[in-house]
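Note: hydrogens, waters and symmetry copies are ignored here, and every other heavy atom, side chains too, is used.
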Amino acid sequence: MKKLFTLLTVLLGIGLYNADSKACSRVNYHGADSTFVIARCLDWKTPIPTNLYVYPRGIQKESSDQPGAIKWTSKYGAVYAVGYDGGITEGMNEKGLVVNGLFCKGTVYSNPDTEGRPPMSLAMFVGWLLDLNATTDECVEVLQKHDFNIGGATFDGGTVSALHWGITDASGKSVIVEFDNGEIKINDMGDYWAMTNDPQWPSMKAILDYWNNVGGTNMLPGTVKSPDRCVRANFFAHHVEATSDPDLAVSIARSILVNSCVPYTYLIQGEPNVSSTQWRSYADIKNRRYFFDIVTNFGLYYIDLNKCDLKKGASILKLDTSKETKLMGEANHAMEKSKGFTPMY
C-alpha cells in the first residue's frame, strides 16, 4: 500500500504539468572512447524559422543595445542555431562546448538585486558562453559571478522566453543552469542524462529517481508531458549500446530523442497549445559535427566545424534552412557568406 500511495502521489504530481506549448527535450548520449552526442528537439505551437550560422574567432560583440552592455571579442569559433534570425537558441564551439536553451516556465530571471547589473540579452547569452569558454567548468565560473541582468524580447505574440540551459563539454561534464527568482542555480547532472522543461531540476530529479526505482523494463510513462518525456529519455540513454562509431552514436542518440518527441501535427482536444517537434539537433562533440534535422525535410545534414575557417578575419557563414530543404550529409558547401544575424535585443 505504501508503494501504491507513492506511485499515485508521483503520478498526480506529474499530471499537474500540462502538455503545453513549451515542450523540448535534451538527451546526453554517452558512447565509448569519449564519444558524446547531445541531442535536442525544439517544439513550439507556431513555426520558429531557425537558420545555422558559423562565426569565426575575433569578432566583437555585445550583450545588449542598452547602456552598460557587456562587450567581448570571441575567442572561439562556433556554429549557432538562430531562431527568427534574431536570437541564438543553441550551438557548439570549436572546443566541443555545447549549450542548449529549453523552455522552463518556472524561470524568473531578475530580482531587485540584479536590476542594476549590466544587461544581458537572451538573444546573445548562449553566444557569450560559447565565444569565451572551452569547458563546462569555465562556464560555471563565469555564471557564478552573476555580474549581469538577463532578459529579452518577447516573441510569437508576446510570449516570454522563460528558459533553462543544458551545458556539456568535450569531457562529457554536464550542468543545468536555471534562474530562480533572480538567483542562478547550477545543477550538476551527474548520472542523469536527460532534461526537458518543467518542473525545475530538483523536482525533476526526484521524479527521475522514482522511475529509476520502478525500472523502465517494467513500466515507463508514455505521454508528451515534460516529466514523462524526461523519464523515457533518461532510461533509454542508460540502456543502449555505448559505441565509438560516430555515425552509429548519432543514430542511437537520434532514436532516443525521437522516442521523447511530440509527433508532428499531434493535437489534444482542449489543449490548443500542445506543441509538436519542429526540428532536432545532434552535436557530435568529439568530431565537432553539428547535425540538423527539420521534421518536414527529407534528410539529416551536418556542419563539420573541423572544415570551417574559424580564424580571425574569416567570413561569417549562413545556412538558410528555408532554402535548403533536401540536404543530406555534410552541408558545409551549402553555407554562404553573411553579415551575420541581427540580435532581437
Side-chain angles (χ1 to χ4, degrees), residues 25-42 50 52-56 76-81 89-100 126 130 133-136 166-175 189 191-195 232-261 277 279-295 297-310 317 319 321 324 326-335:
S25 303
R26 183 182 193 261
V27 179
N28 295 15
Y29 171 75
H30 290 227
D33 299 329
S34 299
T35 297
F36 301 101
V37 178
I38 306 303
R40 75 80 52 91
C41 63
L42 182 138
T50 302
L52 306 185
Y53 285 83
V54 171
Y55 272 68
Y76 306 113
V79 56
Y80 306 141
T89 302
E90 65 172 40
M92 176 174 65
N93 71 16
E94 62 181 293
K95 294 297 182 180
L97 181 71
V98 178
V99 182
N100 311 86
V126 170
L130 292 172
N133 300 285
T135 67
T136 299
I167 301 176
T168 305
D169 64 17
S171 74
K173 182 169 184 178
S174 297
V175 298
M189 291 190 72
D191 199 39
Y192 300 88
W193 294 351
M195 65 180 287
R232 291 200 303 277
N234 185 66
F235 173 78
F236 287 116
H238 282 85
H239 292 84
V240 291
E241 177 185 348
T243 183
S244 60
D245 181 317
D247 293 333
L248 181 57
V250 171
S251 295
I252 293 172
R254 189 182 188 191
S255 67
I256 298 169
L257 182 64
V258 168
N259 187 266
S260 293
C261 289
T277 297
W279 54 257
R280 308 177 187 98
S281 69
Y282 310 93
D284 176 357
I285 293 178
K286 184 176 182 179
N287 296 289
R288 308 298 195 263
R289 297 191 300 178
Y290 178 82
F291 292 76
F292 207 63
D293 179 14
I294 298 176
V295 298
N297 284 6
F298 287 107
L300 176 70
Y301 53 85
Y302 65 90
I303 302 301
D304 190 336
L305 274 182
N306 292 314
K307 297 181 180 179
C308 294
D309 186 355
L310 301 177
L317 300 176
L319 195 158
T321 62
E324 301 289 351
K326 296 183 180 180
L327 282 174
M328 296 185 188
E330 185 185 316
N332 288 44
H333 66 279
M335 304 199 80

How far does CZ of Arg288 sit from CG of Asp284, to the nearest 0.5 angstrom? 9.0 Å
Using a distance-only test with no angle check, is there a side-chain donor-acceptor pair under 3.5 angstrom linking Asp169 and Ser171? yes
For Asn100 and Arg26, does a side-chain donor sit closer than 3.5 Å to a side-chain acceptor? yes
Mind listing the closest non-hydrogen atom pair of Asn234 and Trp193 along with its distance? OD1-N, 2.8 Å
d(Ser25 OG, Asn259 CG) to nearest 0.5 Å is 10.0 Å
Check: Val126 and Thr89 side chains under 4.5 Å, non-hydrogen atoms: no
Smallest heavy-atom separation, Trp279 atom then Ala81 atom, equals CH2-CB, 4.5 Å
Is there a donor-acceptor pair under 3.5 Å between the side chain of Ser260 and the backbone N or O of Arg232? no
Please examine the side chains of Asn297 and Phe292, heavy atoms only from C-beta on, and report whether any two atoms are closer than 4.5 Å. no
With sequence neighbours left out, the residues meeting ring pair (Phe, Tyr, Trp, His ring centres under 6.0 Å) with Tyr301 are none
For residues Thr135 and Leu97, report the shortest heavy-atom separation together with the two atoms involved. C-CD1, 3.7 Å
Does the side chain to side chain contact (heavy atoms under 4.5 Å, CB included) test come out yes or no for Leu130 and Met92, once each step is laid out? CA-CA 7 Å; Leu130 292 172; Met92 176 174 65; 5.8 Å; no
Testing the 3.5 Å rule here: is there a donor-acceptor pair between the side chains of Thr168 and Ser174? yes
Compare every heavy atom of Leu327 with every heavy atom of His333, then report the nearest pair and how far apart it is. NE2-CD2, 4.0 Å
Looking at side-chain heavy atoms only, is the closest gap between Met189 and Asn28 below 4.5 Å? yes
Is the centre of the Tyr80 ring less than 6.0 Å from the centre of the Tyr55 ring? yes
For the student: nearest non-hydrogen atoms of Asn332 and Cys308, plus distance: ND2-SG, 3.6 Å
What one should report as the nearest heavy-atom pair of Cys261 and Thr277 is CB-OG1, 3.2 Å
Got a list of side-chain donor-acceptor pairs under 3.5 Å for residues 34-42, not counting sequence neighbours?
{"unit_1": "Thr35", "atom_1": "OG1", "unit_2": "Ala32", "atom_2": "O", "d": "2.8"}
{"unit_1": "Arg40", "atom_1": "NH1", "unit_2": "Glu90", "atom_2": "OE1", "d": "2.6"}
{"unit_1": "Arg40", "atom_1": "NH2", "unit_2": "Gly101", "atom_2": "O", "d": "2.9"}

Can you tell me how far the OH atom of Tyr29 sits from the OG atom of Ser251, to the nearest 0.5 Å? 10.0 Å
Test: Arg289 and Glu330 ion pair at under 4.0 Å: no
Measure the spacing between OH of Tyr290 and OH of Tyr282 and express it to the nearest 0.5 Å. 11.0 Å
Can any side-chain N or O of Thr321 pair as donor or acceptor with the backbone N or O of Thr50 at less than 3.5 Å? yes
If I take atom OH from residue Tyr53 and atom CG from residue Leu319, how far apart are they, to the nearest 0.5 angstrom? 10.5 Å
Contacts of Arg254 that satisfy salt bridge (Lys or Arg N to Asp or Glu O under 4.0 Å) - sequence neighbours left out: Asp293
Distance-only, no hydrogens or angles: does the His238 side chain make a donor-acceptor pair with backbone N or O of Asp191 under 3.5 Å? yes
Less than 4.5 Å apart, side chain to side chain, heavy atoms only: is that true for Asn93 and Asn133? no
Can you tell me how far apart CD1 (Ile294) and CD (Glu324) are? Round to the nearest 0.5 Å. 10.5 Å
Under 3.5 Å: donor-acceptor pair, side chain of Glu94, backbone of Tyr76: no
